[in-house]
Structure formats: C-alpha cells, structure tokens
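FYI, the numbering just counts along the sequence from 1. Whatever order the structure lists ligands and atoms in, that order sets their numbers, starting from 1.
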Amino acid sequence: MSINVLVTGAGGAAGVAVIRSLLRRADLTVFAADMDGWASGLYLVPAAQRRIVPPGAGSDFVPALAALVEADSLDLVISTVDVELITLSERREELAPAVLAAPCADTLNYALDKLSLARQCESTGLVPRTEAAGADANRVDWEFPVFAKPRRGAGSRGVRVVPDRAALEALPLDEDLIVQDLLPGEEYSVDVISDTTQHVIAAVPRTRTRVDSGVSIAGRTVHDPELEEAATRIAEAIGLVGVANVQLRRNRQGKAVLLEVNPRFPGALPLTIAAGVDIPSLVVDLFLGKSMPERLEFRELATVRFLEDVFIDPAEVLVSEHAAHQDD
Ligand SMILES: Nc1ncnc2c1ncn2[C@@H]1O[C@H](COP(=O)(O)OP(=O)(O)O)[C@@H](O)[C@H]1O
Ligand SMILES: [Mg+2]
C-alpha cells in the first residue's frame, strides 16, 4: 500500500526540491500544496494530487490541512514554509492520524529568536557574544565594529554594521535588535538531519558562493570536520529532530561560529541531495518510524542553477484566492 505524503510550499525552491526527491520513491504517493495556483511544484505531481491551501499565517490553515488529511488519507505532512511551521508544530495533534514531519515547538522557537538561540547554545563555545541592543549591549567592552540585526529577523532585513560606540548607543530601541561580535570571515550553511534520539545522521556544509535575492544560486559542498562538528553541536543544543540549516561564519580568529538556525528545508537542497544525503527521503523514513542510518557521508560537489520553463494547458492552472509571498 502506498504511503500518502503532502508537501506544502510547492512554489518555493525547497518545496520543489522535496517533491522531486520524494517522486523518486515508488512507495510514496506525493500530494503537492500551495496557496497560489501558479506555484510551479504543483505541476510536478499528477492533477489529482494538487491542492490549494489557505495562507499559513491564517486561522483556517490548520483545519484546512486536517481536512486534507482526512480526504486524502494522508500519512505524513511535510511543510517547507517558515510561517506555517510554528503553528503546525504547536497544533500537530490536530493533523492526526497523519504525522507532521517537523521539529518540536521548542526547537522552532529557539530558531525564531536569535537571542534565545544564542543563550541556548552558549555552552557549545560556538556563539559570538550576543546582547540585546540598549543597556545590555552598551555595557559591553566590544571590539568595534560590531554587528546588529533584528532578534526575530529573516532574509537579512534590518541587518547593519555598527562602526563605533556612538553608533551603538544611537541604535533604535523600537526594532528589537541584538548586537553581536562582527564575524568578518567566510559564511557556510550546514544542512543537518537528526534522528528521533537527536543524534545527528549527517551534517553537510556548503558555501553560498552566489546569492540572488537571498536564494543561493551557486555553491559547493565542503569537507571540513570543524564545520560538521560545529553544526552537530548546535543541532544537539537545540534538540533537533528532523532537518535544519545551521548557518556559520568565521570570526576574527578564523573559528566558525553560529550565525543562526533555519529549522526547515533549505532552497539549496538539491546540492545536498546530489552530494549523497537525500534529506527529504530520510525525513520521511524518520517520521514514519523506520530505522535510520547511523551516519551518512557526502561528497564534494559544486552547483550552478538556472530557471526551467514548464508548459501546461491554461485550463489546468488551479484557481486560488492568494498569490505567493513575493519576498522569498
Ligand atoms: N555577527 C555577524 N557578523 C557579520 N555578519 C553578520 C553577522 N550576523 C549576520 N551577518 C550577516 O547578515 C546576514 C543575515 O544574518 P542572519 O543571522 O543569517 O539572519 P537572517 O538570515 O535571519 O536575516 C548573514 O547572512 C550575514 O551575511
Ligand atoms: Mg540567515
């Protein structure tokens, strides 16, 4: 009997990568969902398996998914969308009997709040000094310049270099900023998957050599035990079960330390899959309770990326009330 899996966020790079990975498995029937009828990933699956859902931030989102669980006899729900994750994780029992393939709410909350993430991971010794802007930050004898960013930011919005103490003391207090040691070195994204005992199965570091509108479009995987070890320690510190993307950056001494954690499938997933770690497929097995490998290795591989045109009958395009998020 086939296992029915729903993947949300079918219009995003991560959603497309997850759908493509799962379509390679003969034991799965893949349903694709998005709030926008023009979401490209919908058209990777047969017409009978395409679903329009309400926006993830709305109050009708979880009930709508629960209705799909019932109607489509879903076994597993995979969300690839940031705004959906915390709500789904907190209300996962409403999706029963389907299982939500996402980390627990505590893990997601650490990732959503860069100050609590820094505190939670402090004992790893892999966290740059981080303080709330204002009195806490002003009291520190920083080496300038320092870096400031929103405590709950995303997509590099609101980030800034703070050149000196006068600029530090002039930081606006209404933007909920944190102040951090400046990390001037190279930046890495490490795709991590942990099993149900929070044991890390794979940590695949990659560079983001070219980024277009926040999306990595070229890069390579790198074998670097320091990066793999650092990402593993961070994943353990936040109790990760499932997938997360741990971002690291080298400090003034050249040591790789924590920038932030994105607790979801990254858009650059195809590189990690091609390098030998098929994270979506592993996540399915993990949340279905199958036995997991102890450790998976990857190979060094580079990637470039281009858009691909897919043509469909205009009558096939699903009608939706909502358009995709424009800023992703
Ligand atoms: N402490 C820091 N030192 C130097 N650059 C930083 C620092 N923190 C963040 N950045 C830069 O800002 C970008 C966004 O920061 P990040 O912590 O990843 O938040 P988000 O991606 O959620 O906006 C990073 O990719 C990095 O280029
Ligand atoms: Mg980031």
Side-chain angles (χ1 to χ4, degrees), residues 12-14 80-83 85-86 103 107-122 124-133 136-137 140-164 167-168 171 175-192 204-219 227 230-231 234-235 237-238 240 243-269 271-272 325 327-328:
T80 67
V81 184
D82 259 348
V83 291
L85 274 168
I86 188 72
T107 300
L108 296 178
N109 278 319
Y110 292 134
L112 284 172
D113 174 351
K114 293 177 172 77
L115 187 58
S116 79
L117 177 71
R119 293 295 173 266
Q120 181 65 17
C121 297
E122 206 129 52
T124 62
L126 296 164
V127 182
R129 175 110 199 220
T130 304
E131 300 292 346
D136 287 355
V140 176
D141 183 21
W142 300 98
E143 176 177 346
F144 286 96
V146 292
F147 202 83
K149 57 187 172 184
R151 184 171 170 176
R152 298 167 183 278
S156 293
R157 282 180 290 272
V159 307
R160 65 205 85 172
V161 173
V162 180
D164 51 34
L168 174 72
L171 280 176
E175 289 180 37
D176 210 5
L177 297 172
I178 54 172
V179 177
Q180 200 165 65
D181 285 329
L182 183 81
L183 308 170
E186 183 152 22
E187 186 167 326
Y188 307 90
S189 269
V190 191
D191 296 337
V192 181
V204 184
R206 52 183 168 76
T207 62
R208 289 155 52 90
T209 311
R210 296 284 183 277
V211 176
D212 183 1
S213 320
V215 176
S216 171
I217 53 162
L227 300 174
I234 299 296
I238 60 170
L240 179 69
V243 62
N245 167 251
V246 177
Q247 299 190 339
L248 307 171
R249 204 171 159 101
R250 294 198 188 277
N251 66 14
R252 290 183 171 102
Q253 290 75 42
K255 178 176 162 179
V257 294
L258 177 65
L259 263 189
E260 65 151 344
V261 176
N262 295 307
R264 53 172 164 79
F265 295 95
L269 199 55
L271 173 60
T272 303
H325 301 286
D327 60 40
D328 197 9

Enquirer: Give me the nearest non-hydrogen protein atom to atom 14 (C) of ligand 1 as residue plus atom name, then the distance to 0.1 Å.
Expert: Ser156 OG, 3.3 Å
Enquirer: What protein heavy atom sits nearest atom 20 (P) of ligand 1, and how far away is it?
Expert: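 Checked against all protein heavy atoms, atom 20 (P) of ligand 1 sits closest to Glu260 OE2, 3.4 Å.
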Enquirer: What residue and atom, counting heavy atoms only, is the protein's closest point to atom 17 (O) of ligand 1, and at what distance?
Expert: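 In this structure, atom 17 (O) of ligand 1 has Lys149 NZ, 2.7 Å as its nearest protein heavy atom.
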Enquirer: Can you check whether Arg157 has an N/O within less than 3.5 Å of an N/O in ligand 1?
Expert: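 In fact, backbone or side chain, Arg157 has no N or O that close.
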Enquirer: Pick one: which of Arg129, Lys114, Lys149, Glu131 meets side chain to side chain donor-acceptor pair (under 3.5 Å) with Gln180?
Expert: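 For Gln180, the side chain to side chain donor-acceptor pair (under 3.5 Å) check succeeds only for Lys149.
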Enquirer: Do you know which two heavy atoms are closest between Leu85 and Leu108, and how far apart they sit?
Expert: O-CD1, 3.6 Å
Enquirer: Look at the side chain of Asp113 and the backbone N and O of Leu115, then say whether any donor-acceptor pair between them is shorter than 3.5 Å.
Expert: yes
Enquirer: Can you name the atoms of ligand 1, numbered from 1 with element, that are less than 4.0 Å from a heavy atom of Gln247?
Expert: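 Every atom of ligand 1 under 4.0 Å from some heavy atom of Gln247: 18 (O).
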Enquirer: Using a 4.0 Å cut-off to any heavy atom of Leu259, which atoms of ligand 1 qualify?
Expert: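 That gives atoms 6 (C), 7 (C), 8 (N), 9 (C), 10 (N), 17 (O), 24 (C) of ligand 1.
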Enquirer: Backbone N or O of Ala137 within a donor-acceptor pair of the Trp142 side chain at under 3.5 Å?
Expert: yes
Enquirer: Looking at Glu260, which of its N, O or S atoms is the nearest one to the Mg ion (ligand 2)?
Expert: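 The nearest such atom is OE2.
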Enquirer: Check this for me, if you would: do Glu186 and Lys255 make a salt bridge, where the nitrogen-to-carboxylate-oxygen distance has to be below 4.0 angstrom?
Expert: no
Enquirer: Which residue holds the protein heavy atom closest to atom 4 (C) of ligand 1, what is that atom called, and what is the gap in Å?
Expert: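 Answer for atom 4 (C) of ligand 1: Leu183 O, 3.3 Å.
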Enquirer: So, do Asp176 and Pro150 sit near enough that their side-chain heavy atoms are less than 4.5 Å apart?
Expert: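 A side-chain contact under 4.5 Å is absent here.
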Enquirer: Specify the closest pair of heavy atoms between Leu171 and Ala133, including all atoms of both residues, with the distance to one decimal.
Expert: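 Heavy atoms only, the tightest pair is CD1-CB, 4.3 Å.
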Enquirer: Please could you name the atoms of ligand 1 that Gly153 approaches to less than 4.0 Å, counting only its heavy atoms?
Expert: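 Heavy-atom distances to Gly153 below 4.0 Å select 22 (O).
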Enquirer: How about Leu258 and Leu117: do any of their side-chain heavy atoms sit closer than 4.5 Å?
Expert: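 Yes; the side chains approach each other to less than 4.5 Å.
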Enquirer: With no hydrogens and no angle check, is any side-chain donor or acceptor of Arg119 less than 3.5 Å from a backbone partner on Thr130?
Expert: yes
Enquirer: Quick test: of every protein heavy atom, which one is nearest to atom 26 (C) of ligand 1, and how far off is it to 0.1 Å?
Expert: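 The protein heavy atom lying closest is Glu187 OE1, 3.2 Å.
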Enquirer: Do Phe147 and ligand 1 have an N or O pair less than 3.5 Å apart?
Expert: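 By distance alone, the answer is no.
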Enquirer: So for Pro128, does at least one of its heavy atoms come nearer than 4.0 angstrom to any atom of ligand 1?
Expert: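 The answer is no: ligand 1 sits nowhere under 4.0 Å from a heavy atom of Pro128.
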Enquirer: Quick one: nearest non-hydrogen protein atom to atom 22 (O) of ligand 1, plus distance?
Expert: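 Ranking protein heavy atoms by distance from atom 22 (O) of ligand 1, first comes Lys114 NZ, 2.8 Å.
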Enquirer: Which one holds for Asn262 and ligand 1: side chain close, backbone close, both close, or neither close, with close meaning a heavy atom under 4.0 Å?
Expert: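 Contact part for Asn262 vs ligand 1: neither.
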Enquirer: How about Gln247: does one of its N, O or S atoms come closer than 2.8 Å to the Mg ion (ligand 2)?
Expert: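 It does; at least one qualifying atom falls short of 2.8 Å.
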